[in-house]
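Any value given below was found using the heavy atoms of this structure, including those in side chains, with hydrogens, waters and symmetry copies removed. Note that ligands are numbered from 1 as they come in the structure, with each ligand's atoms numbered from 1 the same way.
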Amino acid sequence: MATKLNEQVNNDTSQTGECPDVDLDLIAQGVRLILEGIGEDPARPGLQETPRRVAEMYAELTSGMREDPAQHVVPLPGDKHDEMVIVKDISIASMCEHHLAPFVGKCHIAYIPRDGRILGISKLARLAETFSRRLQLQERLTTDIANTLFEGLKPIGVMVVIEASHTCMTLRGVRKADAKTVTSAVLGGFRTDPRTRAEAMALITGKE
Ligand SMILES: [Zn+2]
């Protein structure tokens with residue numbers, strides 16, 4: 001166990017996209033310790049499979065660490081479009097890195113193509129998913145999606161807005177069940193032209 005932990009010291013996975021395989025046994029060991037720590041008996045029938053299940057769940061919830069987000073930013077061949085593109089209500093499920101607690105919400109992505117380069121809508125959703133399936137902060141998730149789209153597609157402008165509800169706020173702590181956190185990242189033309197930004201924001205929020 002000590003060796004495993006040592007091996008993982010130098011991994012700045014959020015930046016490089018390189019990441020070791022998940023060690024399910026190590027996670028399961030940790031879950032058993034949590035069960036013992038809260039005074040449970042990990043050996044009782046209802047809990048015997050729990051460490052393994054939780055390990056598999058964490059593997060899935062962090063699967064984006066083991067994917068290269070840039071692979072999703074490939075312009076559609078042939079199709080050209082020059083007007084603003086907005087994809088609203090992409091569902092996201094991520095995990096807050098401060099509490100390892102899920103946060104779920106919607107991601108809205110707007111961009112203005114350059115030289116007609118556009119991205120398939122499913123690719124935008126995959127981009128949001130790859131960054132969501134990591135330990136995240138909502139702020140970083142928002143800028144990661146915006147930066148990767150901006151660098152990969154080289155559009156005139158990108159705007160990403162995420163509205164999410166954090167279980168670390170709704171289930172514990174201040175327990176504000178309806179609290180939503182809204183974050184945005186604005187790049188390129190959306191940053192320099194307030195009118196375009198306002199137009200995109202109005203389309204995203206549905207307000208004129
Ligand atoms: Zn949290």
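The side-chain hydrogen bond (donor to acceptor under 3.5 Å, both in side chains) pairs that include a residue from residues 145-160 number zero, where partners must be two or more places apart or lie in different chains. Within the structure, the side-chain hydrogen bond (donor to acceptor under 3.5 Å, both in side chains) test picks out the following pairs touching residues 185-194 (sequence neighbours left out): D193-T196.
Counted by atom type alone, T62 and R66 present one or more donor-acceptor pairs between their side chains at under 3.5 Å. Between the side chains of Q136 and S94, no donor-acceptor pair is found at a separation under 3.5 Å.
Evaluation of the ring pair (Phe, Tyr, Trp, His ring centres under 6.0 Å) rule for Y111 yields no partner, not counting sequence neighbours.
Around the Zn ion (ligand 1), protein atoms of type N, O or S found under 2.8 Å number 3.
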- Message: The test is salt bridge (charged side-chain N to carboxylate O under 4.0 Å, His left out); show your working for R52 and E56 and say whether it passes.
- Response: CA-CA 6 Å; R52 185 79 197 173; E56 282 165 5; 3.5 Å; yes

